[in-house]
Amino acid sequence: MNSLPRIVVDAANLRQRIDGFGASITEATADLWAHVVAEPDQMIRDLFDPVEGIGLSMLRQPIGPSDHVTRPYSFVRRWPDRRLRSLQFGPEEQRILPMLLAAQAASLQGAEQGDGRPLDARLDTSRTVMRAAAQDITRNAQRDAAPQQRQGLRTIASPWSAPWWMKTNLSVLGQNRKWPHRVGRLRRSYYDAYARYLTAFVRLYRDYGLDVFGLTPVNEPDNAQAIWPSMAMSPEEQAAFIADHLAPRLHAEGLDEVNIMGWDHNYSTERYPDGAFVKKLYAHDDALRAVAGSAWHYYGGASSTMSRIHERWPSKGIWVTEASGGDWGPRNWEAALLRMSSRVIAMLRNWAQCVVLWNVALDTSGGPDYYYLRHDRQHSHNRGLLTVDRMNGSVTKNADYYVIGHFSRFVPIGSQCVGSAASRDMPHVQHVAFLTPDNRLVLVANNSDAAPRRIAVQDGDTLRPVELPPRSLSTLVWER
């Protein structure tokens with residue numbers, strides 16, 4: 001065994017804390033779950049149950065419509081409404097929260113508790129009853145679950161756009177094709193109203209017993225375009241909004257523990273290469289003090305950008321909040337598994353504290369996708385963790401489901417990434433290691449070679465032989 005190439009796990013080299021793994025319950029996903037999926041309870045268990053399923057622990061939830069919706073909707077009934085007197089979250093409560101609360105109950109292993117009725121029977125369509133039932137389910141599950149399963153789901157809330165009347169182009173889209181020079185930005189006069197709008201959404205989730213772990217000012221601020229809801233925001237604009245409006249508003253509402261995350265976009269964009277947006281945002285002292293860290297997407301640039309940001313600001317957190325599979329990249333199955341798993345491993349080796357993929361579920365066309373069809377005349381080609389067949393309600397688990405499951409099932413919230421290094425003679429093997437709260441070591445490794453690879457895993461003075469199958473992803477767990 002001493003002659004085998006090896007991966008050395010250094011449990012004493014503690015790196016970043018892990019805050020969760022997951023995806024997003026978009027309005028499109030929630031609609032499929034409520035109206036198309038043949039076995040919705042089984043789907044929830046497969047995704048969120050920590051014993052029967054893969055135990056997803058983090059959700060990134062859009063504030064208002066994203067690109068994946070069945071139709072447009074708004075939370076403000078009158079306009080302009082600077083005081084937000086007409087603000088109401090009916091669309092969120094009716095279309096999205098039922099699935100979110102079912103996910104929360106399964107995550108806490110509380111779906112069979114309470115009075116014995118199925119979860120959907122206890123979550124009445126009345127918003128008042130649903131809120132009370134959800135809070136009761138959460139309390140019971142937290143009381144009765146084993147200690148390592150009491151954490152439930154965390155959420156990161158992200159808006160794709162401010163309400164249209166708060167923006168310079170008077171549109172929920174980032175651009176209008178007739179006037180492409182008019183990019184939609186948040187009007188300075190509405191900074192305070194927008195901060196109260198975002199804080200009200202956080203309060204809504206808190207009222208339902210959901211843990212809002214993080215909040216970003218806007219999704220992809222350097223991607224304002226004419227297809228789906230979007231909004232441009234410069235580093236200077238984001239710094240002023242966070243420091244002077246969002247952070248003070250959260251503080252006034254007693255929500256200081258919500259982590260404000262800047263950027264929420266690619267490792268690199270044409271306008272802001274190699275993390276330039278975050279560097280400029282952090283150059284503003286008040287904003288630097290107000291933010292917990294930065295959020296990242298994997299669609300452009302290299303994950304090593306996050307390491308360079310960490311080196312300069314080691315006290316600031318780093319979270320990956322969106323990474324989608326799709327037919328614009330490798331299709332299912334094997335190539336998609338290897339590509340996505342290598343990207344996720346790279347994120348974690350470059351200080352990511354969470355990894356959140358995009359849609360939990362989409363249909364066979366990459367929908368529902370109202371904005372793609374209306375403005376681009378074609379479906380999105382995105383891929384969820386699950387694919388739902390509208391003809392019979394069946395659910396197919398995609399490569400992305402298994403990739404994120406290799407982490408979420410075995411690496412709970414509160415784990416820490418630890419050091420690991422491989423022999424030079426195994427270039428086709430990528431890996432990342434963790435120490436869990438119950439003192440177990442977890443090693444996730446992919447082997448992109450067409451041949452199996454026999455290796456040794458070293459932990460201290462102990463060597464363990466392992467064979468990694470060809471073109472595979474493997475998770476190893478052992479007691480210290």
Under the side-chain hydrogen bond (donor to acceptor under 3.5 Å, both in side chains) rule, what do Ser304 and Asn350 come out as? Steps first, then yes or no, please. CA-CA 6 Å; Ser304 56; Asn350 284 283; 5.4 Å; no

Glu27 vs Thr70, side-chain hydrogen bond (donor to acceptor under 3.5 Å, both in side chains): CA-CA, chis, key distance, verdict: CA-CA 7 Å; Glu27 195 262 350; Thr70 59; 2.8 Å; yes

Has [X] got a side-chain atom pairing as donor or acceptor with [Y]'s backbone, closer than 3.5 angstrom?
X: Asp67; Y: Trp228; answer: no
X: Gln16; Y: Ala352; answer: yes
X: Asn398; Y: Tyr401; answer: no
X: Arg409; Y: Gly53; answer: yes
X: Ser415; Y: Val411; answer: no
X: Arg78; Y: Arg85; answer: no
X: Gln416; Y: Leu14; answer: no
X: Thr155; Y: Asp211; answer: yes
X: Ser107; Y: Pro50; answer: no
X: Arg15; Y: Gly419; answer: no

Of all the heavy-atom pairs spanning [X] and [Y], show the shortest one and how long it is.
X: Gly366; Y: Ser380; answer: O-OG, 2.6 Å
X: Val76; Y: Ser86; answer: CG1-OG, 3.3 Å
X: Leu441; Y: Ala11; answer: CD2-CB, 3.9 Å
X: Leu215; Y: Ile156; answer: N-CG2, 4.4 Å
X: Pro72; Y: Tyr370; answer: CG-CE2, 3.4 Å
X: Lys167; Y: Arg187; answer: O-NE, 3.0 Å

[X] bridged to [Y] by N-O distance under 4.0 Å:
X: Asp31; Y: Arg95; value: no
X: Asp192; Y: Arg196; value: yes
X: Arg339; Y: Glu334; value: no
X: Arg249; Y: Asp244; value: no
X: Arg60; Y: Glu322; value: yes

Look at atom CD of Glu257 and say whether more than 12 heavy atoms of other residues, nucleotides or ligands are closer to it than 6.0 Å.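 Buried by this count: over 12 neighbours within 6.0 Å.
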
Would one find more than 12 heavy atoms of other residues, nucleotides or ligands at under 6.0 Å from atom CH2 of Trp333?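 Yes, the 6.0 Å shell around CH2 holds more than 12 heavy atoms from other groups.
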
Is it the case that the ring center of Tyr299 lies less than 6.0 angstrom away from the ring center of Trp358?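 Ring centroids of Trp358 and Tyr299 are no less than 6.0 Å from each other.
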
Under 6.0 Å between ring centres: does that hold for Tyr267 and Tyr298?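 Between Tyr267 and Tyr298, the centre distance exceeds or equals 6.0 Å.
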
So among Asp369, Thr26, Asn382, which one has a side-chain hydrogen bond (donor to acceptor under 3.5 Å, both in side chains) with His68?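 Considering Asp369, Thr26, Asn382, a side-chain hydrogen bond (donor to acceptor under 3.5 Å, both in side chains) with His68 is found only for Asn382.
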
Is there a ring pair (Phe, Tyr, Trp, His ring centres under 6.0 Å) between Tyr205 and Phe201? Walk through the geometry before answering. CA-CA 7 Å; Tyr205 269 46; Phe201 186 89; 4.7 Å; yes

Ring pair (Phe, Tyr, Trp, His ring centres under 6.0 Å), that's the test. Do His245 and Tyr191 meet it? Break it down for me. CA-CA 7 Å; His245 300 274; Tyr191 274 26; 5.6 Å; yes

Answer whether the closest heavy-atom distance between the side chains of [X] and [Y] falls below 4.5 Å.
X: Asp207; Y: Arg203; value: yes
X: Leu288; Y: Lys316; value: yes
X: Cys354; Y: Ile18; value: no
X: Arg308; Y: Thr305; value: yes
X: Tyr190; Y: Tyr197; value: no
X: Asn219; Y: Pro62; value: no

Go through the steps for Arg83 and Asp81 under the test salt bridge (Lys or Arg N to Asp or Glu O under 4.0 Å), then give the verdict. CA-CA 5 Å; Arg83 297 183 181 274; Asp81 185 3; over 6 Å; no

Mind running side-chain hydrogen bond (donor to acceptor under 3.5 Å, both in side chains) on Asn223 and Ser230 for me, showing each step along the way? CA-CA 7 Å; Asn223 189 27; Ser230 51; over 6 Å; no

side-chain contact (heavy atoms from CB on, under 4.5 Å) partner of Met231, the single match among Val183, Leu186, Val172, Leu173: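 The single option meeting the side-chain contact (heavy atoms from CB on, under 4.5 Å) with Met231 is Leu186.
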
I need the [X] [atom1] to [Y] [atom2] distance, nearest 0.5 Å.
X: Trp351; Y: Ile318; atom1: CH2; atom2: CD1; answer: 8.5 Å
X: Leu281; Y: Glu236; atom1: CG; atom2: CD; answer: 9.0 Å
X: Ser294; Y: Met306; atom1: OG; atom2: CE; answer: 8.5 Å
X: His251; Y: Asp256; atom1: NE2; atom2: CG; answer: 5.5 Å
X: Arg82; Y: Ser189; atom1: CZ; atom2: OG; answer: 5.0 Å
X: Asn259; Y: Arg154; atom1: CG; atom2: CZ; answer: 8.5 Å

Does the plane of the ring in [X] sit parallel, tilted or perpendicular to the ring in [Y]? Use 30° and 60° as the thresholds.
X: Trp296; Y: Trp263; value: perpendicular
X: Phe407; Y: Phe434; value: perpendicular
X: Phe410; Y: His406; value: tilted
X: Tyr73; Y: Phe75; value: tilted

Apply side chain to side chain contact (heavy atoms under 4.5 Å, CB included) to Val403 and Val344, showing your working. CA-CA 8 Å; Val403 169; Val344 173; 4.1 Å; yes

Just checking, any donor-acceptor pair under 3.5 angstrom between side chains of Asp222 and Thr269?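 A pair is found: one side chain offers a donor N or O, the other an acceptor, under 3.5 Å apart.
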
Test side-chain hydrogen bond (donor to acceptor under 3.5 Å, both in side chains) on Asn359 and Ser24; report intermediate values, then the result. CA-CA 5 Å; Asn359 290 269; Ser24 295; over 6 Å; no

If you apply the rule side chain to side chain contact (heavy atoms under 4.5 Å, CB included), what do you find for Met58 with Phe21, and how did you get there? CA-CA 5 Å; Met58 178 77 82; Phe21 297 95; 5.8 Å; no

